[in-house]
Amino acid sequence: MNEAIRAVTETTADQFMADTKALGCLEPDVQPRATDNIAEMIAIIQTLIANKHAYVADGEVLFSVTSMPDYGRLSNRTLDEQQAGARVAVEAHKRNPGDFVLWKLSSADEPGWDSPWGRGRPGWHIECSAMSNRYLGETFDIHGGGLDLIFPHHENEIAQSRCAFGHDVMANVWMHNGFLQVEGEKMSKSLGNFITISELLETKNFGSNKWHGYVVRLAMLRSNYRQPIDWTVDALVEMRKALFNWTTNAIGFEPTKVSEDVLEALSDDLNTAAAVAVIHNLNRAAANRTNAEACAEMSATLRFLGIWNGERPDDIFSYGYDVQSGPSDADVAPLITDRLAARAVKNWSESDRIRDELVAMGIQLKDAKDPATGELTTTWEVKR
RNA sequence: GGCCUCGUGGCGGAAUGGCUACGCAGAGGACUGCAAAUCCUUGUAUGGGGGUUCGAUUCCCUCCGAGGCCUCCA
């Protein structure tokens with residue numbers, strides 16, 4: 001049974017690691033498993049019982065919330081308010097309805113571990129107190145998580161750790177991220193709008209396109225982590241275009257210093273949206289690659305944020321586009337030559353006819369003049 | 001039912017007790033034979049109603065709307 005559980009979590013963890021890596025996330029230093037920390041959990045539970053913060057009843061070990069005067073501080077709830085609106089009958093063995101399980105006995109066919117209270121399993125929450133203590137210490141700096149976990153999970157985690165170790169805080173800062181929505185609706189399997197990171201990267205299931213990991217990452221950085229993210233095709237299109245323009249200004253410039261304003265924005269509660277605004281300003285300052293200092297700063301800042309590493313802008317923009325199905329240079333070049341000849345003699349109707357023909361093939365032309373010689377040039381790309 | 005969080009222009013999205021960033025779209029202009037791309041300029045917003053204040057989008061109350069949590073498990 002314990003092995004079967006491990007096999008399931010292994011698969012999920014591997015997918016998670018692959019996805020976050022594709023988005024440019026660094027690999028965590030430590031990725032502890034609850035099942036590898038049973039002894040540590042038992043030790044904390046024993047301490048809590050000894051400190052009178054926990055008690056044994058009906059074979060369970062329960063945490064006594066009333067033993068902690070400021071229980072509920074994180075979620076801004078009081079025990080009284082919780083009780084007043086409770087919809088579910090209180091279990092008789094609990095001294096207070098808010099008391100929660102630290103250890104629960106297992107039947108023979110349930111997974112379990114030996115403990116001073118018999119073969120059983122830990123309650124939810126205690127694994128986090130045990131593992132954070134083991135790897136980060138009795139108190140630490142930042143604790144993250146989804147905002148749906150604020151109550152009861154994080155509240156109970158705090159109660160366990162503080163009462164076991166005797167500190168006023170567990171973590172100095174709590175960062176809770178908002179929920180993900182898709183095109184204005186919550187993402188759920190029943191609504192059929194469920195999309196995974198690997199699907200965004202590897203399939204055309206969302207917006208009939210594959211999306212480069214940099215674009216996906218940038219679309220997430222666009223809003224504050226605390227707010228809900230509405231995941232839309234429009235946002236990806238917009239960010240893909242922005243990244244194309246930014247990298248066009250940055251490519252070829254050695255990264256120098258990261259933008260001070262970006263660092264300042266990130267230092268203010270990880271204000272990534274403000275950082276993106278700074279980059280838009282930096283992009284304007286780059287002035288079409290004429291401001292070398294701004295371009296070098298762009299180069300450094302994009303790399304710092306993990307949304308670029310020197311790739312050709314078009315490789316990011318055209319990521320996932322099936323080049324083989326489109327026209328080739330051999331198809332297009334003769335038509336461009338003909339059109340340049342027509343333009344040279346001001347035969348505009350023929351020139352436009354050829355351009356329309358190419359548009360029908362899905363080709364977008366871009367005319368330019370060589371700044372040095374004044375010679376007319378034309379480049380093309382597949383219209384997207 | 002109780003509690004928590006949130007409500008900013010056409011759209012996305014920051015910030016703030018006193019000129020409301022930034023982007024997209026829109027409008028005007030430059031460039032171009034005309035386009036495309038690029039660049040410049042520019043209009044538009046703090047859900048409704050009260051209150052505190054010299055002044056409220058920001059603080060308080062209330063209503064409306066959205067999301068979350070409230071048994072076990074994660």
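Lettering follows sequence order; numbering is per chain, from 1.
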Euclidean distance for C1', B:G51 against B:U58 (whole angstrom): 15 Å
Whole-Å distance separating the CG atom of A:D148 from the C1' atom of B:U5: 12 Å
Euclidean distance for P, B:C54 against B:C63 (whole angstrom): 28 Å
Distance, P atom - from B:U8 to B:G13, rounded to whole angstrom: 9 Å
Stretch residues 222-232 of chain A: residues that reach within less than 4.0 Å of RNA chain B through a heavy atom: A:R222, A:S223, A:N224, A:Q227
side-chain N/O A:K104 vs B:A74 OP1/OP2, d < 4.0 Å: no
Interface residues of residues 261-269 of chain A with RNA chain B (non-hydrogen, below 4.0 angstrom): none
Integer angstrom distance from the P of B:C19 to that of B:G33: 47 Å
Hydrophobic cluster of A:L149, others only, ordered by chain and residue number, side-chain cut-off 4.5 Å: A:W124
Pairwise C1' distance, B:A56 and B:U20 [rounded to whole Å]: 13 Å
Test side-chain hydrogen bond (donor to acceptor under 3.5 Å, both in side chains) applied to A:D36 - qualifying residues, sequence neighbours left out: A:R6
Sub-4.0 Å heavy-atom contacts from residues 241-259 of chain A onto RNA chain B, ordered by number: A:K241, A:N245
Nearest-Å distance for atom pair CG/P, residues A:N283 and B:C24: 9 Å
Atom pair CG (A:L358) and CG (A:D356), whose distance is rounded to the nearest 0.5 Å: 9.0 Å
Integer angstrom distance from the C1' of B:G65 to that of B:G47: 8 Å
Length of the line joining A:I363:CD1 and B:A37:C1', which is rounded to integer Å: 16 Å
Presence of A:R284 side-chain N/O under 4.0 Å of B:G23 phosphate oxygens OP1/OP2: yes
side-chain hydrogen bond (donor to acceptor under 3.5 Å, both in side chains) partners for A:D14, two or more places apart: none
Kindly give the atom pairs (protein nitrogen or oxygen, nucleotide nitrogen or oxygen) under 3.5 Å for nucleotides 34-36 of chain B.
residue, atom, partner, partner atom, Å
B:C34, O2, A:R355, NH1, 3.4
B:C34, O2, A:R355, NH2, 2.5
B:C34, N3, A:R355, NH1, 2.7
B:C34, N4, A:D367, OD2, 3.1
B:A35, N6, A:D367, N, 3.4
B:A35, N1, A:D367, N, 3.4
B:A35, N3, A:R355, NH1, 3.1
B:A36, O2', A:Q364, NE2, 3.4
B:A36, N1, A:D367, O, 3.4

Within residues 272-299 of chain A or reaching into it, pairs that qualify as ring pair (Phe, Tyr, Trp, His ring centres under 6.0 Å) - sequence neighbours excluded: A:W246-A:H280
Pairs flagged by ring pair (Phe, Tyr, Trp, His ring centres under 6.0 Å) wherever residues 26-74 of chain A is involved - sequence neighbours left out: A:F63-A:F100
A:H154 and A:H176 aromatic centres sub-6.0 Å: yes
For A:D58, all residues meeting salt bridge (Lys or Arg N to Asp or Glu O under 4.0 Å), sequence neighbours excluded: none
Selection from B:A14, B:C22, B:C39 that lies nearest to any side-chain heavy atom of A:A273: B:A14
Nucleotide nearest A:L147 (side chain, heavy atoms from C-beta), chosen from B:C22, B:G68, B:C39: B:G68
Any A:N76 side-chain nitrogen or oxygen under 4.0 Å from OP1 or OP2 of B:U5: yes
Rounded C1' spacing from B:U32 to B:C39 in Å: 13 Å
Nearest-Å distance once atom P is located in both B:G23 and B:U42: 12 Å
Can I get a per-line list of side-chain donor-acceptor pairs under 3.5 Å for residues 16-24 of chain A, giving both atom names and the distance, sequence neighbours left out?
residue, atom, partner, partner atom, Å
A:D19, OD1, A:Q15, NE2, 3.0
A:T20, OG1, A:F16, O, 2.9
A:T20, OG1, A:M17, O, 3.2

Nucleotide-level pairing of RNA chain B, given in dot-bracket where Watson-Crick and G-U pairs need both distances under 3.5 Å and | marks other strands: (((((((..(((.....[...))).(((((.......)))))....(((((..]....))))))))))))....
